[in-house]
Amino acid sequence: MKYVIVLGDGMADEPLEELGGKTPLEYANTPKLDELSKKSEVGLVSTIPSGMSPGSDTANLSVLGYFPRKYYTGRSPLEALSIGVDMKDTDIAVRCNIVTVSEDDKPYEEKTIIDHSSGEITTEEAAVLLDAVKKELANDVFSYYVGTSYRHLLIWDKGEVAELTPPHDILGKVIGEYLPKEAALKDMMKRSYDILNHHPINEDRRKRGLNPANSIWFWGAGTRPALSSFEEKNKKRGAMISAVDLLKGIAVGAGMLNIEVEGADGTLETNYEGKAQAAVDVLTKQDYDFVYIHVEAPDEMGHQGSVEKKVKAIEYLDQRVIKIVSEKLDELKVDYRMMVLPDHPTPICVRTHTSDPVPYMLYDSTDIQDHTWNYNEKEAKEGKNFIAEGHTLVDYLFSK
């Protein structure tokens, strides 16, 4: 038996008037999910422990079987593992987004955050901008490391786990009250605007009608993580397919295989087919038992507030990942269980994460069921299946 989780990051949502009262998941044209759901168990799972922040960090740890209250030490330390930074016990890792703030004559504190991802800036452009920041701001205490797209890393020697606000939580808001209380962090953010706003890359981005990547933003601070081995815990060899450092870092910490897919970049135009084929190959040609396919696009479109693009991201997931994986495993006559779910909702109406339970679908090629339901938030809730503790989900997947 082989095992697959297809994780559509932030895929769950709320009913939207512009979609006739349906969620993007209900509205999207998903023929493969519609077919499989009628042969599957459908229900809700709570991935975020009560009182914890509904981030992709806590949620994906849950889905992979790691109870966040025990294993979570902050988001950025997990990304540090992916980037290859060997943190000391006294280091604090801090996420360093490259964001867009409003261009006006107001003081930095009075500016508004426009875009948490600088229009999903490419890693190549972001690396040049971060290098400019590094030359001016890095020292023996603060070190900068390039990540992926807008997501980068600051290591703070002998620092503290400061309380910091995720930029996607305050889109459209004046930033003053959300700036770090720690003077050094706040000062670096302010100085970064002067370094970046008229950088040649940003002048070129403006000419192309793109958001300038004109400020850094710190959040997600934490200490060195210590995850237990996925294989030892589950007696299954596991592989991760993701474009984002957070998921790659979890895989590094858990001793899972990280599979790099050319063209996988965490955007709406990521290499879906490449991810799907890599998943099939690792299960059938490399003797792995489990693969986790993470797709970032639905979450990014939720943060952007784009109904049309979020629907498209879900349709791509259906036709360009789920369809390919299921049909190829069927063709190869491989027995498998496949679970499809988001890690958390990213509702269009708020453009950030919420803690609501998310719909899951569990398909077993050896146990074909007969139902009338489709896979979406509404029908998952009506189905009455509910998993209260998300970190037990992997055990449930592996129970056969």
Side-chain angles (χ1 to χ4, degrees), residues 1-9 11 33 36 40-41 43 45 47 56-68 71 78 81-82 225 227-244 246-261 264 272 274-296 317 321-343 358 360-367 387 389-400:
M1 180 70 75
K2 301 294 185 178
Y3 303 89
V4 183
I5 287 180
V6 179
L7 196 293
D9 203 300
M11 182 164 58
L33 275 171
L36 293 177
S40 304
E41 175 183 320
V45 56
T47 59
S56 291
D57 40 21
T58 49
N60 280 281
L61 282 171
S62 274
V63 177
L64 276 162
Y66 294 94
F67 185 37
Y71 290 100
L78 295 168
L81 289 177
S82 171
L227 300 180
S228 57
S229 163
F230 184 89
E231 184 172 354
E232 290 178 8
K233 188 163 72 75
N234 298 290
K235 306 299 185 262
K236 301 284 189 295
R237 297 183 73 202
M240 172 67 69
I241 301 174
S242 177
V244 300
L246 169 63
L247 275 296
K248 292 177 182 178
I250 292 174
V252 171
M256 298 170 66
L257 173 69
N258 261 314
I259 300 175
E260 296 292 335
V261 175
Y272 299 91
K275 287 187 172 187
Q277 187 59 56
V280 174
D281 288 346
V282 78
L283 292 175
T284 60
K285 297 180 180 180
Q286 298 186 51
D287 196 32
Y288 276 75
D289 307 292
F290 167 71
V291 64
Y292 194 92
I293 312 169
H294 173 264
V295 176
E296 177 76 359
L317 188 73
V321 177
I322 296 167
K323 182 176 189 289
I324 293 173
V325 171
S326 63
E327 292 185 356
K328 284 184 178 285
L329 291 179
D330 287 339
E331 289 171 10
L332 294 168
K333 300 187 185 308
V334 174
D335 293 337
Y336 65 98
R337 301 187 94 198
M338 180 166 64
M339 185 171 281
V340 178
L341 76 161
D343 48 352
V358 295
Y360 73 87
M361 183 191 83
L362 177 58
Y363 173 78
D364 187 331
S365 67
T366 68
D367 182 20
I387 299 173
E389 297 184 316
H391 67 280
T392 67
L393 203 62
V394 157
D395 290 339
Y396 189 45
L397 175 68
F398 293 157
S399 63
K400 183 174 179 179

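The shortest side-chain heavy-atom distance between Leu246 and Asp57 falls under the 4.5 Å cut-off. For the pair Leu332/Val280, a side-chain contact is recorded, criterion being any heavy-atom separation below 4.5 Å from C-beta on. The shortest distance between side-chain heavy atoms of Leu393 and Ile387 falls below 4.5 Å. A 4.5 Å side-chain heavy-atom check between Met256 and Glu231 finds every atom pair outside the cut-off. Side-chain contact between Leu362 and Ser40: absent, with no pair of heavy atoms (C-beta onward) separated by less than 4.5 Å. Residues Asn234 and Val394 are in side-chain contact: their nearest non-hydrogen atoms beyond the backbone lie under 4.5 Å apart.
Looking only at distances, a side-chain donor or acceptor of Tyr66 sits under 3.5 Å from a matching main-chain atom of Phe230. With hydrogens and angles ignored, the 3.5 Å screen pairs no side-chain donor or acceptor of Asp289 with any backbone N or O of Lys2. A donor-acceptor pair is defined here as one N or O able to donate and one able to accept, closer than 3.5 Å; no such pair exists between the side chain of Ser62 and the backbone of Gly390. A donor-acceptor pair under 3.5 Å links the side-chain atoms of Lys275 to the main chain of His294, judged by distance alone. Put simply, the side chain of Tyr71 never gets that close to the backbone of Gly65: no donor and acceptor are under 3.5 Å apart. Distance alone, capped at 3.5 Å, is enough to place a donor-acceptor pair between the Ser365 side chain and the Tyr336 backbone. Remark: the backbone N or O of Asp330 is not paired with any side-chain donor or acceptor of Lys333 at under 3.5 angstrom.
Here the CG atom belonging to Leu81 is positioned 7.5 Å from the CG atom belonging to Leu227, to the nearest 0.5 angstrom. Distance check, rounded to the nearest 0.5 Å: CE of Met338 to CD1 of Ile293 gives 8.0 Å. Remark: Leu397 CG to Leu341 CG distance equals 10.0 Å, nearest 0.5 Å.
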For the pair Val358 and Met11, evaluate side chain to side chain contact (heavy atoms under 4.5 Å, CB included) and give the outcome as yes or no after the intermediate values. CA-CA 9 Å; Val358 295; Met11 182 164 58; over 6 Å; no
Apply side chain to side chain donor-acceptor pair (under 3.5 Å) to Ser56 and Asp9, showing your working. CA-CA 8 Å; Ser56 291; Asp9 203 300; 3.3 Å; yes
For Tyr292 and Asn60: C-alpha separation, side-chain torsions, deciding distance, then whether side chain to side chain donor-acceptor pair (under 3.5 Å) applies. CA-CA 10 Å; Tyr292 194 92; Asn60 280 281; 2.6 Å; yes
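Cation-pi check for Lys236 over Phe398 is met; the charged atom lies under 6.0 angstrom from the ring centroid and within 45 degrees of its normal. Both tests hold for Arg237 against Tyr288: distance to the six-membered ring centre under 6.0 Å, angle to the ring axis within 45°.
For the residue pair Glu41 / Tyr363, no side-chain donor-acceptor distance below 3.5 Å is found, with atom types taken as modelled.
Of all non-hydrogen atoms in Tyr396 and Tyr360, the two that sit nearest each other are CE2-OH, 4.4 Å.
In this structure, the ring of Phe290 has its center no less than 6.0 angstrom from the ring center of Tyr3.
Taking a 6.0 Å sphere around NZ of Lys233, one finds it holds more than 12 heavy atoms contributed by other residues, nucleotides or ligands.
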